[in-house]
Participant: 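Below you will find the structure I want to go over with you.
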Amino acid sequence: MGLPFPFPPFPPQMLVLVGLLLCLAPADSLNTFPPKFQVGKLNGDVVVKCSTAEENVTWTQNGEPEPMAELVAEGRTLTILGLDLPAAGNYSCWAGNVLLDSTYVVRPSFPSAPPGEEGMNVSCQAESYRGSFRCSWAAPRSAVFRGRLTLSDGSLGEWVPASRRRGRFNASFVDPFFCPFAEELRPLRLQLEGLSDTSYISFSSHFFIRDIVRPDPPQELAVQRRGEHLHLAWTPPASWPLPRSYFALLYRLQYELPNGTQADKYVEGEEETWLRDSAQRVRISCRDPYTSPSWSTWSPWHGTGAAQQRRLRAL
Ligand SMILES: *[C@@H]1O[C@H](CO)[C@@H](O)[C@H](O)[C@H]1NC(C)=O
Ligand SMILES: *[C@@H]1O[C@H](CO)[C@@H](O)[C@H](O)[C@H]1NC(C)=O
Ligand SMILES: *[C@@H]1O[C@H](CO)[C@@H](O)[C@H](O)[C@H]1NC(C)=O
Ligand SMILES: *[C@@H]1O[C@H](CO)[C@@H](O)[C@H](O)[C@H]1NC(C)=O
Ligand SMILES: *[C@@H]1O[C@H](CO)[C@@H](O)[C@H](O)[C@H]1NC(C)=O
């Protein structure tokens, strides 16, 4: 079934390629960020340049020589008239069958939303004050994302590709100029951008490392029975910065009594404590006592041998 040609006439020196809506070939979904892309205005014209010394080139859209868009090709320049959904995609220019250049053309995906933090829920977490952190966010499966950081010295970091796992994207960032000993005066700025086969989205997030710190759990929890008491000792998470006097940790021990009740004990600035010997099992977590209120995940439960002890006494 053909469609009428509702297009106004063009000057004869322009070559007009008209695609048919009904044979729309869907763009291949993206696996990585294309090296070259252009974001057009919805229903605006987009000018794509072929980077080449060739004077005459031919164009394909998503590998098809009969593009879905209304196009004007002139020398090395292609103008997409009125960017709509089927006009988005991968435009390649060729000299014969030699590929010269490719540009991915997309629409802005939220034309009505204000730019910035709206529309995307990014959550970031740092395991310590080393200037590295990880962010994750939810997004459609067919998209690709990347992010970059404005570093403490004011320069822009490299783009970091995000990886996808169970419906969420995540990426790790490092600010090599971050100083763990200085008070953060300005928030970090993280810029994220995403491409689907037809659309582009960009958003940024501002935050202080101190507000996103969540330590790893403490390590090497050891329990020793000493007479009527249990002696507990542990070490801070390996990722936590030194010196301990400056980067203090507040520890939370949770233990289970024989009747199943759980009780907590808090310890600050020490890496050992005593518990009553009836505790059946114990686990530990920690947080920064001064800034971020996020507790680490729990260490695994650690048995105390109390149950065996009671059985032995009963013999
Ligand atoms: C665009 O098309 C060209 C030519 O078919 C191909 O080499 C290139 O990988 C495509 N780019 C993307 C991002 O799909
Ligand atoms: C470019 O293509 C036009 C039209 O097909 C042709 O008239 C012209 O000679 C070509 N120019 C070159 C340098 O190949
Ligand atoms: C944002 O994402 C976090 C982490 O997945 C979630 O806990 C929170 O409820 C989300 N907030 C909104 C407003 O969607
Ligand atoms: C983020 O991606 C990395 C690499 O694919 C993976 O190892 C890690 O577990 C992911 N993190 C989250 C929170 O999904
Ligand atoms: C469990 O034992 C503890 C200490 O012996 C006691 O304080 C607590 O009330 C008991 N809880 C229940 C639910 O019996």
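As the structure is a computational prediction, the values presented were derived from the model and not from experiment. When a ligand or atom number is given, it counts from 1 through the structure's own listing order.
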Participant: Show, in sequence, the C-alpha distance, side-chain angles and deciding distance for Tyr200 and Glu193, and conclude whether the side chain to side chain donor-acceptor pair (under 3.5 Å) test is met.
Facilitator: CA-CA 7 Å; Tyr200 172 81; Glu193 56 180 27; 2.4 Å; yes

Participant: Would you call Glu127 and Arg134 a salt bridge, using N to O less than 4.0 angstrom?
Facilitator: no

Participant: For the CD atom on Glu158, are there more than 12 heavy atoms of other groups (residues, nucleotides or ligands in this structure) within a distance under 6.0 Å?
Facilitator: no

Participant: Run the ring-centre check on Phe181 versus Tyr246 and record whether the distance is less than 6.0 Å.
Facilitator: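 Ring centroids of Phe181 and Tyr246 are less than 6.0 Å from each other.
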
Participant: For a quick test of reading the model, state the closest non-hydrogen atom pair linking Pro108 to Leu42 and the distance between them.
Facilitator: CD-N, 4.1 Å

Participant: Quick one: sort the Trp295 and Tyr266 rings into parallel, tilted or perpendicular, breaks at 30° and 60°.
Facilitator: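 Plane angle between 30° and 60°, so tilted.
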
Participant: For ligand 1, is there an atom lying under 4.0 Å from some heavy atom of Ser102?
Facilitator: yes

Participant: Does NZ or CZ of Arg146 fall inside the cone over Phe33's six-membered ring, less than 6.0 Å from its centre and within 45° of the axis?
Facilitator: yes

Participant: Near ligand 5, which residues have a heavy atom under 4.0 Å away from one of its atoms?
Facilitator: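 Contacts of ligand 5 under 4.0 Å: Leu257, Asn259, Thr261, Arg276.
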
Participant: Side chain, backbone, both or neither: which part of Leu99 comes within less than 4.0 Å of ligand 1 when only heavy atoms are counted?
Facilitator: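 Side chain only; the backbone of Leu99 stays clear of ligand 1.
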
Participant: Quick check on contacts: which atoms of ligand 1 are under 4.0 angstrom from a heavy atom of Pro34?
Facilitator: 13 (C)

Participant: If we only count N/O pairs under 3.5 Å, is Asn90 in contact with ligand 1?
Facilitator: yes

Participant: Among Val72, Ile80, Leu81, find the one that has a side-chain contact (heavy atoms from CB on, under 4.5 Å) with Asp45.
Facilitator: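 Among the candidates, only Leu81 passes.
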
Participant: Could you say whether the N/O atoms of Ser92 and ligand 1 ever approach to under 3.5 Å?
Facilitator: yes

